[in-house]
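Chain identifiers are assigned alphabetically (A, B, ...) following the order of the sequence lines, protein sequences preceding nucleic acid strands; residue numbering begins at 1 within each chain. Since we're looking at a predicted model, the values are computed, not measured.
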Protein chains: 2
Amino acid sequence: MGAASLIERNDYAFGQLNDIVGFHIRLAHGAVYRHFTETFADLDLTQKQVSVLWLVDDQPGVSQIELGQRLRMDRATTMTIVNRLQNRDLLRRERSETDGRKQALYLTDQGSEALVGAKHAIGEHESWLKSRFTSEEIDKLVEMLARIHD
Amino acid sequence: MGAASLIERNDYAFGQLNDIVGFHIRLAHGAVYRHFTETFADLDLTQKQVSVLWLVDDQPGVSQIELGQRLRMDRATTMTIVNRLQNRDLLRRERSETDGRKQALYLTDQGSEALVGAKHAIGEHESWLKSRFTSEEIDKLVEMLARIHD
DNA sequence: CGCAATTGTTAGTGGAGCATACAATTGCGC
DNA sequence: GCGCAATTGTATGCTCCACTAACAATTGCG
């Protein structure tokens with residue numbers, strides 16, 4: 001056991017796995033997911049649900065398919081999430097007047113209320129996440145992540 | 001070019017959501033997950049499964065609890081993943097000689113073979129991911145992601 | 001009109017995460 | 001050595017998310 005002992009560095013815990021970028025994205029996502037879930041335990045909302053409420057609030061009357069595309073979900077996944085939110089009276093569907101195939105999505109009053117609470121919780125969650133970085137680093141991080149998902 | 005052109009282009013799709021770091025991490029993770037799944041369709045292995053095989057190969061005889069801690073999974077989740085791999089004869093459990101409570105995990109020959117194939121596929125997957133960045137950016141990205149999950 | 005594309009819906013599969021309860025083993029205080 | 005607490009594994013059940021496949025309704029176009 002010389003001074004070069006690998007154990008002194010955290011990296012040893014993962015061995016070669018440490019060099020895999022995708023691995024770190026997954027771990028980071030997991031950490032964010034867990035903290036999000038804790039922060040939102042009272043509100044009983046998931047990341048996806050908040051994203052949906054947020055987007056529908058931003059663009060009232062959006063169709064399900066467009067919502068799904070923006071959040072990178074397929075139609076079936078979008079359905080189940082919208083169903084859940086509709087069953088909880090946070091969201092309502094309306095037949096689009098211009099295109100009978102489409103469902104126009106709107107927040108209910110209750111949904112708007114929930115979103116207000118959610119945005120507050122998001123603030124705490126983001127503070128927890130951003131506390132690790134300078135604002136320059138945050139810009140760089142977001143820009144790099146966008147390069148991956150765009 | 002600059003911030004203004006970004007806002008004209010894609011950003012509107014997400015509205016305010018665009019400023020949420022956690023949102024971008026989730027989208028990036030989803031994109032990586034999807035590409036990983038496509039790359040590994042033939043091998044029929046998930047990200048988690050590959051991580052487990054990789055770590056067990058790196059540290060033969062590791063206990064389930066330690067494996068779970070390193071990959072940030074609880075005991076129950078670790079169980080189900082190890083069960084799946086054991087049922088496919090990629091992994092085997094052995095009672096630890098030093099501690100009767102522990103299960104020592106080892107790859108089977110078949111598991112080692114599968115891992116070889118997986119590492120090759122990981123190479124392709126990582127190339128796809130890294131093609132967006134310079135090597136300096138990759139170092140910075142990994143370092144920032146590690147700050148989140150450590 | 002008739003056909004293809006789009007959108008929505010339904011049902012089923014599987015991975016992953018978590019909570020809870022219980023069993024086996026170990027280690028420690030006494 | 002005995003008894004209890006801690007550790008580890010196991011079993012069960014729940015939720016969420018993503019995907020596929022099949023089918024229906026509507027729209028748009030040749």
Heavy atoms under 4.0 Å, any strand shown: does B:T37 hit a base, just sugar-phosphate, or nothing?
nothing
What does nucleotides 17-30 of chain D look like as a protein-contact string, B for base, S for sugar-phosphate only, - for none, at under 4.0 angstrom between heavy atoms?
SBBB-----BS---
Partners passing side-chain contact (heavy atoms from CB on, under 4.5 Å) against B:D74 (at least two apart in sequence or in another chain):
B:A76, B:T77
Taken in chain and number order and not counting sequence neighbours, the residues that satisfy salt bridge (Lys or Arg N to Asp or Glu O under 4.0 Å) with B:R132 are none
For B:R92, the salt bridge (Lys or Arg N to Asp or Glu O under 4.0 Å) test, sequence neighbours excluded, returns B:E94
So, are A:E38 and A:R34 salt-bridged, with charged N and O less than 4.0 Å apart?
no
Check the phosphate of C:dT6 against A:Q64, side-chain N and O only, distance under 4.0 Å to OP1 or OP2. Yes or no?
no
Expected list for residues 102-112 of chain A: side-chain donor-acceptor pairs under 3.5 angstrom, two or more places apart:
{"residue": "A:T108", "atom": "OG1", "partner": "A:D89", "partner atom": "O", "Å": "2.5"}
{"residue": "A:T108", "atom": "OG1", "partner": "A:L90", "partner atom": "O", "Å": "3.3"}
{"residue": "A:T108", "atom": "OG1", "partner": "A:Q110", "partner atom": "N", "Å": "3.4"}
{"residue": "A:T108", "atom": "OG1", "partner": "A:G111", "partner atom": "N", "Å": "2.9"}
{"residue": "A:S112", "atom": "OG", "partner": "A:T108", "partner atom": "O", "Å": "3.3"}

Under a 3.5 Å cut-off on both pairing distances, which runs of 3 or more consecutive Watson-Crick or G-U pairs involve DNA chain D?
C:1-30 with D:1-30
Quick one: which residue pairs count as a salt bridge (charged side-chain N to carboxylate O under 4.0 Å, His left out) with a foot in residues 116-129 of chain B, not counting sequence neighbours?
B:E126-B:K130
Set of side-chain hydrogen bond (donor to acceptor under 3.5 Å, both in side chains) partners for A:D139, sequence neighbours left out
none
Can you list every pair that meets ring-ring contact (aromatic ring centres under 6.0 Å, His included) and has a residue in residues 40-73 of chain B, with sequence neighbours left out?
B:F36-B:F40
